[in-house]
Amino acid sequence: MSQALTEDTPGRWSVWAAGLYLHSQFAPDSVDPLLLTSASLAVLRKESALWARLGPPLRNPEDDPRDLPIGEKSALWMGLDASAVQPTQPLRAVPPQLQAMPVGMGAWGRQYLLSGSSPGLATPDSDAHLLCAQTAQGPSCFFVPRWREDGQRNGVVVQPQPNALGTHIAAELQLDAASGYLLGEEGQGQASLHTAQSVVRLGHTLASCALLRQALVQSLAQARRLTQLQGQPLLGSVLVDMAIESEAALVLAMRLAQAYERCDDSDDDTLPVIDRAFQQVMAPAAQFWIGRRAMEITAETMEWAGSQGALESPRAGPWHGCSWQHPRRAAARVWAMRCACRRCTPSTASAP
């Protein structure tokens, strides 16, 4: 999954998109950690000293679940600032809740001490996080590990959010003089996180496409068992509409992956305007539209099962995954895009 962000081979973004699309269909619970780790590579690879130490374990396809210092682990998971994972508003409008104070040079670069809270993390058990904190020059991006460079615990405390919606653990990080390492320059944290946010946006679109496909497959399987409805025109019409919706979403997502690759390979002077527009305009629009349609297709899927998808039981089988994953992903993204669109008008959006 790191090929698109660490190599220059042609077609790497299409391979990355296809891998994430397939993975999301059979293991949707692990998509968020995988996606956030991939997105963090876009930021970390620009820091040569830090990347030399973190590159091999971040690209390792194996899993190392041990809670140990980074130097003792063979594979790493990364988390991202909540403003990059859930882009409910522009990054420039998100005031950091963390304060950073410089302390000099450390083993991994320019070291700061971070204090405050970072709410809404989807993967709080990651080995390290990329967080945005306020410095004298403005919001800046920091690499914050769970363990200090000397092998001691970092000042990071995880506070679970028990009422969070979804199948993934959501939590708030409380930082008390935690060691962090500056990425880029002070005041450029929003630009750094924007790079990761762009990758997350494409990944969320692909994950929604995968869940659309899973809903279609389950609907087709259930329809074959309904012998009393076979041969009915309405049944075939609904299934055809669901199939077209799923394929159209996948085609759009793969076209976005091609645009991402062309933007990486071209300079600003030689980049086709259409590809830049796909990355900056079509990507958030696709995230909104596919997420919105995912809720409706999931509702159709649950109808085939007689609402068994709402049951967390062996009888529900794969239906439970569709009914829970689709609304959780889609509802958050639909609301995020609506908030973003309403900020362009004089009226102010309010939460439901």
What closest approach, in Å, do Ala17 and Met254 show between heavy atoms, and which atom pair accounts for it?
CB-SD, 3.8 Å

side-chain contact (heavy atoms from CB on, under 4.5 Å) between Glu149 and Gln111, intermediate numbers included:
CA-CA 11 Å; Glu149 56 188 20; Gln111 187 176 6; 4.2 Å; yes

Leu58 side chain reached by Trp77 side chain, heavy atoms, under 4.5 Å
no

Among the clusters formed by ILVMFWY side chains lying less than 4.5 Å apart, do Leu113 and Leu183 turn up in the same one?
no

Arg262 backbone acceptor or donor facing Asp275 side chain under 3.5 Å
no

Let me check something: do Leu212 and Val217 share a hydrophobic cluster, defined by ILVMFWY side-chain heavy atoms less than 4.5 Å apart, either directly or through other members?
no

Charged N to carboxylate O under 4.0 angstrom, Arg66 versus Asp127?
no

Which heavy-atom pair separates Ala215 from Ile297 by the least distance, and what is that distance?
CB-CG2, 4.1 Å

Transitive ILVMFWY side-chain link Leu211 to Phe26, under 4.5 Å:
no

List the atom of Pro33, the atom of Thr37, and the distance in Å for their closest heavy-atom pair.
O-OG1, 2.8 Å

Nearest non-hydrogen partners of Glu261 and Gly11, listed with the distance:
OE2-N, 2.7 Å

Got a donor-acceptor contact below 3.5 angstrom from the Thr135 side chain to the Gly138 backbone?
yes

Just so I know, are the side chains of Leu206 and His23 near enough to count as touching, which here means a heavy-atom distance under 4.5 Å?
no

What I'd like to find out is whether the side chain of Phe142 reaches to under 4.5 Å of the side chain of Leu130, using heavy atoms alone.
no

Between Met78 and Leu41, is any pair of side-chain heavy atoms under 4.5 Å apart?
no

Are Arg148 and Asp150 close enough for a salt bridge, meaning some N to O gap below 4.0 Å?
no

Report all side-chain donor-acceptor pairs from residues 46-57 shorter than 3.5 Å, counting only partners two or more places apart or in another chain.
{"from": "Glu47", "atom 1": "OE2", "to": "Gly184", "atom 2": "N", "distance (Å)": "2.7"}

Please check: side-chain N/O of Ser30 versus main-chain N/O of Ala27, any donor-acceptor pairing under 3.5 Å?
yes

Quick one: does NZ or CZ of Arg110 land under 6.0 Å from the six-membered ring centre of Tyr181, within 45 degrees of the ring axis?
no

Using 0.5 Å steps for rounding, measure from the CZ atom of Arg59 to the CG atom of Leu76.
12.0 Å

State the CG-OG distance between Asp64 and Ser74, to the nearest 0.5 angstrom.
4.0 Å

Thinking salt bridges, do Asp67 and Lys73 make one under a 4.0 Å N-O criterion?
no

Heavy atoms only: give me the nearest Tyr21-Ala210 pair and the separation to one decimal.
O-CB, 3.3 Å

So Cys132 and Cys141, do their side chains get closer than 4.5 Å, heavy atoms only?
no

For the residue pair Leu80 and His129, establish whether any side-chain heavy-atom pair is separated by less than 4.5 Å.
no

For the CD atom on Glu185, are there more than 12 heavy atoms of other groups (residues, nucleotides or ligands in this structure) within a distance under 6.0 Å?
no

Measure from the side-chain N and O atoms of Ser198 to the backbone N and O of His194, and report whether any donor-acceptor pair falls under 3.5 Å.
no

Give a yes or no on whether the backbone of Ala177 and the side-chain of Ser115 come within a donor-acceptor separation of less than 3.5 Å.
yes

Test Gln279 against Leu256 for side-chain contact (heavy atoms from CB on, under 4.5 Å), laying out the working first.
CA-CA 7 Å; Gln279 186 185 42; Leu256 288 173; over 6 Å; no

dist Gln152:CD -> Trp147:CH2 (nearest 0.5 Å) comes out at 8.0 Å

Over all atoms of both residues, closest heavy-atom pair of Ser117 and Leu98
N-CD2, 3.3 Å

Step-by-step side-chain contact (heavy atoms from CB on, under 4.5 Å) determination, Thr301 to Met242
CA-CA 9 Å; Thr301 303; Met242 294 175 66; 3.9 Å; yes

Asp176 atom CG: more than 12 heavy-atom contacts under 6.0 Å
no

